[in-house]
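Notes follow the structure.
Within every chain, numbering begins at 1; the chains are lettered A, B, ... in the order of the sequence lines, protein sequences first and strands thereafter.
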There are 2 protein chains.
Amino acid sequence: MQSPGASDPELVGRFSVLLEQLVRRLRTVYAAGQISQSAASTLARLRDEGPLRITDLAHAEGVSQPAMTQLVARLEGEGLLARRVPEGDRRSVLVDVSAAGRDVLEARRAQRVEFLQDLLAGLDRSDWAAIAAALPALERLVASEPNSSRQSAHRKEP
Amino acid sequence: MQSPGASDPELVGRFSVLLEQLVRRLRTVYAAGQISQSAASTLARLRDEGPLRITDLAHAEGVSQPAMTQLVARLEGEGLLARRVPEGDRRSVLVDVSAAGRDVLEARRAQRVEFLQDLLAGLDRSDWAAIAAALPALERLVASEPNSSRQSAHRKEP
DNA sequence: GATCGACACATAAGTGCCTTATGTCATAAT
DNA sequence: ATTATGACATAAGGCACTTATGTGTCGATC
């Protein structure tokens with residue numbers, strides 16, 4: 001029994017509740033009218049991994065190809081990304097994040113940081129110390145999924 | 001300077017990245033075709049807080065009243081909740097989760113637990129210990145928002 | 001080179017899930 | 001009785017998905 005987590009259903013249950021609550025909270029961080037979670041996730045991937053074809057993007061983001069085609073069209077219309085046809089394969093489209101897209105991602109990160117600082121402001125020192133101590137473990141947790149091979153270890157939001 | 005979090009931008013930044021990654025991960029837990037995050041959140045609130053009026057529900061969930069009217073109509077059509085007009089106020093509609101709705105929430109919880117056990121299976125004992133030690137602090141963090149007065153301390157997903 | 005199959009994306013049609021604006025009925029206040 | 005307020009329903013539009021289908025390009029086979 002290598003992992004205590006698998007043998008401690010009560011803690012797993014509490015963690016499960018905590019994740020759901022975090023998700024519900026994060027939904028309120030970004031002001032209305034901003035880019036969607038799907039758009040942000042897609043732009044972030046392009047920024048981190050470089051230009052990708054539409055079908056690869058769709059697969060990586062877990063949506064259908066037509067959904068990604070539409071999202072790319074919308075984001076191109078907003079100047080947040082650019083499309084081009086690669087040399088040697090006129091069937092494909094390569095998509096890359098634009099400078100404006102990078103700016104949007106940076107603004108989102110700043111909003112998250114502000115939200116967290118607000119939230120952390122009411123936390124006492126020992127609680128924050130426990131969270132800070134768990135950060136490396138949580139980062140390893142998030143990085144440990146089998147399909148995390150798509151996410152290189154150096155990937156991070158600035 | 002009560003909270004070390006507010007003075008440690010690098011850790012806050014790492015936490016911010018972690019949250020975004022968790023959100024992106026959780027998006028893949030639930031199989032396609034299941035109820036949306038909004039539907040789940042709404043049903044969970046009804047289960048935990050009892051019958052609510054549509055406008056109160058909309059406000060609590062952070063959406064507009066017409067959006068909630070439509071969601072309630074859809075969920076009623078699927079048998080996941082029930083509507084009734086309360087005594088003494090024929091303008092209102094009271095909404096309550098159904099037994100089928102409770103079953104759906106329980107199935108979601110089981111899926112999250114399974115996902116977490118999968119994820120935790122690759123984590124070593126000291127990492128899990130650090131996460132387990134941080135759980136109370138994280139729970140307090142999530143419960144600490146000013147509008148958390150709507151969430152009672154005893155509220156938890158079974 | 002010609003033909004067929006596979007690949008890649010675009011388009012169509014439909015649903016879910018939001019938004020603001022507006023309409024209708026019920027209740028409370030004057 | 002009249003007016004103001006409250007509560008929800010409906011309309012119209014946009015975003016974000018889905019499956020199904022269409023069109024063009026590339027690769028494999030003969």
Side-chain angles (χ1 to χ4, degrees), chain A residues 23-24 26-46 51-96 104, chain B residues 23-24 26-46 51-96 104:
Chain A
V23 166
R24 288 168 68 175
L26 266 175
R27 282 171 79 202
T28 66
V29 170
Y30 308 113
Q34 292 194 18
I35 62 173
S36 65
Q37 180 62 39
S38 300
S41 185
T42 299
L43 290 176
R45 186 178 295 277
L46 291 172
L52 291 167
R53 293 179 313 132
I54 284 180
T55 307
D56 292 338
L57 251 187
H59 194 251
E61 292 294 316
V63 300
S64 65
Q65 170 261 313
M68 186 53 72
T69 298
Q70 290 174 25
L71 177 56
V72 164
R74 283 199 301 272
L75 294 179
E76 187 188 26
E78 292 166 26
L80 301 185
L81 60 75
R83 301 156 50 100
R84 63 181 167 89
V85 177
E87 298 281 357
D89 190 352
R90 289 161 54 200
R91 294 173 299 184
S92 302
V93 173
L94 271 184
V95 184
D96 206 3
V104 165
Chain B
V23 166
R24 287 167 71 177
L26 265 176
R27 281 171 79 205
T28 66
V29 170
Y30 309 111
Q34 292 194 19
I35 61 172
S36 66
Q37 179 63 39
S38 299
S41 184
T42 298
L43 290 176
R45 186 179 297 275
L46 291 172
L52 291 166
R53 294 178 313 132
I54 283 180
T55 306
D56 291 338
L57 251 188
H59 195 251
E61 291 294 314
V63 300
S64 66
Q65 168 262 313
M68 187 52 71
T69 299
Q70 290 173 25
L71 177 58
V72 164
R74 281 197 303 271
L75 294 178
E76 187 189 26
E78 292 166 27
L80 301 185
L81 58 75
R83 302 157 48 101
R84 65 181 167 89
V85 178
E87 298 282 358
D89 189 351
R90 289 163 53 199
R91 294 171 302 183
S92 302
V93 173
L94 271 185
V95 186
D96 205 2
V104 165

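Across all their heavy atoms, A:P86 and A:S92 have their closest contact at CD-O, 3.4 Å. Here the closest heavy-atom approach between residue A:V85 and residue A:D89 is recorded as CG1-O, 3.9 Å. Closest of all the heavy-atom pairs between B:L81 and B:L46 is CD2-CD1, 4.2 Å.
Looking at residues two or more places apart in sequence or on another chain, you find a side chain to side chain contact (heavy atoms under 4.5 Å, CB included) between A:R84 and A:P51, A:L94. A:A39 pairs by the side chain to side chain contact (heavy atoms under 4.5 Å, CB included) definition with A:I35, A:S36, A:L71, A:L75, not counting sequence neighbours.
Donor-acceptor pairing under 3.5 Å is lacking for the side chains of A:S41 and A:Q37.
Among residues at least two apart or in separate chains, salt bridge (Lys or Arg N to Asp or Glu O under 4.0 Å) pairs with a member in residues 53-73 of chain A are A:R45-A:E61, A:R53-A:D56, A:E61-B:R24. Note on residues 70-79 of chain B: pairs passing salt bridge (Lys or Arg N to Asp or Glu O under 4.0 Å), not counting sequence neighbours, are B:E76-B:R83.
One atom, CD of A:Q37, and another, P of C:dC18, lie 15 Å apart when rounded to the nearest Å. Distance A:I35 CD1 to C:dC18 P: 18 Å, rounded to the nearest Å. Spacing between atom CG of B:L57 and atom P of D:dC8 amounts to 9 Å, rounded to whole angstrom units. Nucleotide D:dG6 holds its P atom 18 Å from the CD1 atom of B:I54, rounded to whole Å. Residue A:E76 contributes atom CD, which lies 15 Å from atom P of D:dC15 at whole-angstrom precision. For A:L75 and D:dG14, the CG to P distance is 17 Å, given to the nearest whole Å. Taking atom CG of A:L80 as the reference point, atom P of D:dC15 lies 13 Å away to the nearest angstrom.
Across the interface with DNA chain C, nearest-nucleotide mapping of B:S36 and A:S92 shows A:S92 to be the residue nearer the 5′ end.
OP1 or OP2 of C:dA8 lies within a sub-4.0 Å distance of a side-chain N or O belonging to A:R53. Proximity of B:R83 to the phosphate of D:dA9: a side-chain N or O atom is located under 4.0 Å from OP1 or OP2. Note on A:S38: every side-chain N or O is 4.0 Å or more away from OP1 and OP2 of D:dA16.
Evaluated for a side chain to side chain contact (heavy atoms under 4.5 Å, CB included) with A:L57, the options A:V63, A:L52, A:V93, A:T69 yield exactly one hit, A:L52.
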Table of protein N/O atoms under 3.5 Å from nucleotides 22-25 of chain D N/O atoms:
residue: D:dT25; atom: OP1; partner: A:R90; partner atom: NH2; Å: 3.2

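The stretch residues 65-72 of chain A touches DNA chain C through A:Q65, A:P66, A:T69, A:Q70, each having a heavy atom within less than 4.0 Å of the strand.
Using a 4.0 Å heavy-atom criterion, one finds that A:S64 contacts the bases of the nucleic acid, with or without backbone contacts as well.
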